[in-house]
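Report on the following structure.
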Amino acid sequence: MAAFPSRRFLGLHLSDGIRPGNLVASMVMAFAATMIITFLPAAQPILLAGVLDGHGADQGRVVALLAAAAEIAMILTLPWYGALADRFGRRPVVVTGFALCGLSSLLFPYAGNVTVLVVLRVVFALGVAALNGMLATVAIDYVRDRSRSKSYGLIGLFSGLGAMVAVLGLVRLPSILERNLGGDSGGTEAAVSATRYSFLIVALITLAVAALMWFTLSRLRVDAASARVPLARLVREGLTLARDPGVALSYAASFVARADLSIVAAFLPLWVVVHAVREGDMTTAQALARGGIVVGVAQTVATFTAPLFGWLGDRLRRQDAVLVAQALAAAAYLSTLLVSDPLGSGIMVVAALIGLGEIAAIVTAGPLLAQQVPPAVRASAYGVQTLCGAIGILVISTVGGLFFDSWPAAPFAVAGVAGLLVVAFGLVVRRRVVPLPQELGAQLPEGSPEFGAQGPGRP
C-alpha cells in the first residue's frame, strides 16, 4: 500500500493520510465535547428547580441518583465503545456520542418525573462514554509518535476552553432568556420556558457538531484486520494488555488522574462553602462565589499549561513523564494539608498547583499507552484506560467523601496518597517498559501471535 505524504501542522507531525482539516476537527471535537459534558452538571440545579420543582433535600437525593446511574452506565459501556471503534472506525462512535448527548439534552427539560430524568441521564452518559474514549484515541491516531504528547496538550487546551465556555456562557443562558421572556413578572412559567429554550440551543449545537464530525473526521481505518475481530475479543485484548508494564502504568495513572479532575470540581468549592458557613464570615452565596473562583484558578492554570506538559512529554521517556506528572500531582494534593483557612490567599496557590498536577497527569498517561499497544487494538485499550478513570472517580471520591465531614482535606489526601502509590509502582517497572515498534504495531494481522494470546504486540 502506498504511503500518504507526511505533513506537519501546528507543530505536529501528522500520521499517514491525515490532513490538517482532520486535526482541526479533532480540536473542535475536544472543545465541543467538553463544553457539552460540562454544561449538564452545571445546569442541573436549574433543571431540577425550574422543571421538576425540586426542593433542597429532594434535589440532593436526585442528584446522587443521577450521578450513580451515569457512572454505572459509563463503567459498563466504556470498554465496548473502544472495541466498536476498533471494529467500525472512530468516526461512527464520535458521531453517535454527540447524537446521544444532543437528543438527551433536547428531552431533559420535558422530563416529568425523576424516573424519566434518570433514563435520560443514562442516555447522556452513554454519549459521554463514547466521546471520552474517542478524545484520547483520535488525538493519538492523527499524529506520529514524536508528536503525541503535544497533541494531547492541544486537546487539553481546547477541552479547557470548552469547559470555560460552558461555565461562563451556556450556564447563563436560562437567566438571560428568562429576563427576555418576562423577567420577574414571568414567574415559574418564564423560568421553565427559559430552561427549555436553553437546552434546545445546546441540543441543536450538539447535533450540528455531530453532523460536522461526520464530514470532517478522517474516514481512514487504523487497522483493517480489526473489522473481522469479534467485539468480545477486542474488549478482552484491552484488558489483557495490562500484562505489559507500560500499559499497566498508564492504566494506574489514569485511575488517579481522572479522579483528581472530579475531586477538584466536587470538593474544592464544597470545602470553601462548608468552612465559610461554619465560621460565619460569609453568606452561602458569597462562599459559593469564592469557591467558584478557587476552582476557576485551578482550571485556568490547567487549561493554559496543557500544551507545556505536552511539549515536555515528547522530550522525556513516556514512563518518566508519567512519574514526574504523578509526583507533581501528589505533592499538589497533599499541599492542602498545609491549608488551615480555605478562604485565605494560600488556597489560591494550592489551587494553581493542583491545576498543574491535574493536567500533567492527564496529558502524560495517554501517550505512554499509545507507544505500548498495537493500532489494531488502540481504541479498545483507551476504552479500558477511560474505564480505569471512571472507577478511580468512584473509589477515590467515595473514600474521600466518607471522611469529608470530619476532615475536609480528606479527598485531596486520598488522591495524593494514590498518586504516590502510582509513583512507587512506576519506579518499580520503569526499566521494564519497552516501547512497541511502531512498524510492527501498524502491521499486525488478525490471527498473528502478537495480536492475540501471546501478549500486547510483543514478538
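Of the possible donor and acceptor atoms, none in the side chain of Arg430 sits under 3.5 Å from a partner among the backbone N and O of Gln319. Side chain of Ser250 to main chain of Gly246: no donor-acceptor pair is present (N/O by atom type, distance under 3.5 Å, no hydrogens or angles). Not a single donor-acceptor pair under 3.5 Å links the side chain of Ser254 to the backbone N or O of Tyr251. A donor-acceptor pair is defined here as one N or O able to donate and one able to accept, closer than 3.5 Å; no such pair exists between the side chain of Thr34 and the backbone of Phe31. Formation of a donor-acceptor pair under 3.5 Å by the Thr364 side chain with backbone atoms of Ala360 is found in this model. In this structure, Ser159 contributes its side chain and Ile155 its backbone to a donor-acceptor pair below 3.5 Å. The closest donor-acceptor contact from the side chain of Tyr382 to the backbone of Leu369 lies at 3.5 Å or more, if one exists at all.
Distance check: Ser15 OG to Tyr142 OH gives 9.5 Å after rounding to the nearest 0.5 Å. One distance of note links NE2 of His13 with OG of Ser151; it measures 12.5 Å at 0.5 Å rounding. In this structure, the separation between OG1 on Thr386 and CG on Asn132 is 6.5 Å, given to the nearest 0.5 Å. Atom CD1 of Ile18 and atom CG of Leu217 lie 9.5 Å apart (nearest 0.5 Å). Residue Thr77 holds its OG1 atom at 10.0 Å from CG of Leu84, rounded to the nearest 0.5 Å. The structure places CG of Leu14 at 8.5 Å from CG of Asn22, a figure rounded to the nearest 0.5 Å.
Contact detail for Val301 and Ala352: the closest heavy-atom pair is CG1-O, 3.5 Å. Minimum heavy-atom separation, Val363 to Tyr152: O-CD2, 3.5 Å.
Counting heavy atoms from C-beta outward, Val143 and Lys150 have side chains that stay 4.5 Å or more apart. Using a 4.5 Å heavy-atom cutoff, the side chains of Trp271 and Val339 are in contact. Taking the side chain as every heavy atom from C-beta outward, Phe124 and Ile36 approach each other to under 4.5 Å. Residues Gln326 and Val322 form a side-chain contact, since some pair of their non-hydrogen atoms from C-beta on lies under 4.5 Å apart. Side-chain contact between Thr300 and Thr303 is absent, with no heavy atoms from C-beta onward closer than 4.5 Å. A heavy-atom distance below 4.5 Å is found between the side chains of Leu135 and Met29. You'll find the side chain of Gln372 reaches within 4.5 Å of the side chain of Pro435, heavy atoms only. Side-chain contact between Leu131 and Phe98: present, with at least one pair of heavy atoms (C-beta onward) separated by less than 4.5 Å.
Between Asp314 and Arg148, no side-chain nitrogen of the basic residue sits less than 4.0 Å from a carboxylate oxygen of the acidic one, so the salt-bridge criterion is not met. For Asp86 and Arg378, the salt-bridge test fails: no basic side-chain N is under 4.0 Å from an acidic carboxylate O.
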Under 3.5 Å, which donor-acceptor pairs link side chains of residues 406-428 to any protein atom two or more places apart or in another chain?
residue	atom	partner	partner atom	Å
Ser406	OG	Phe403	O	3.3

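In the displayed structure, Arg431 atom CZ is contacted under 6.0 Å by at most 12 heavy atoms of other residues, nucleotides or ligands.
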Query raised in the report: Which is it for Phe108 and Leu117 under the side chain to side chain contact (heavy atoms under 4.5 Å, CB included) test, yes or no, and what are the steps along the way?
Result: CA-CA 7 Å; Phe108 266 124; Leu117 194 61; 3.5 Å; yes
Report task. Check the pair Asp320 / Arg315 against salt bridge (Lys or Arg N to Asp or Glu O under 4.0 Å), numbers first and verdict last. Result -> CA-CA 10 Å; Asp320 292 339; Arg315 282 157 177 76; over 6 Å; no
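Checked against the 6.0 Å centroid criterion, the rings of Phe39 and Phe199 qualify as a close aromatic pair.
The ring-ring contact (aromatic ring centres under 6.0 Å, His included) check on Phe404 picks up Phe267, with sequence neighbours excluded.
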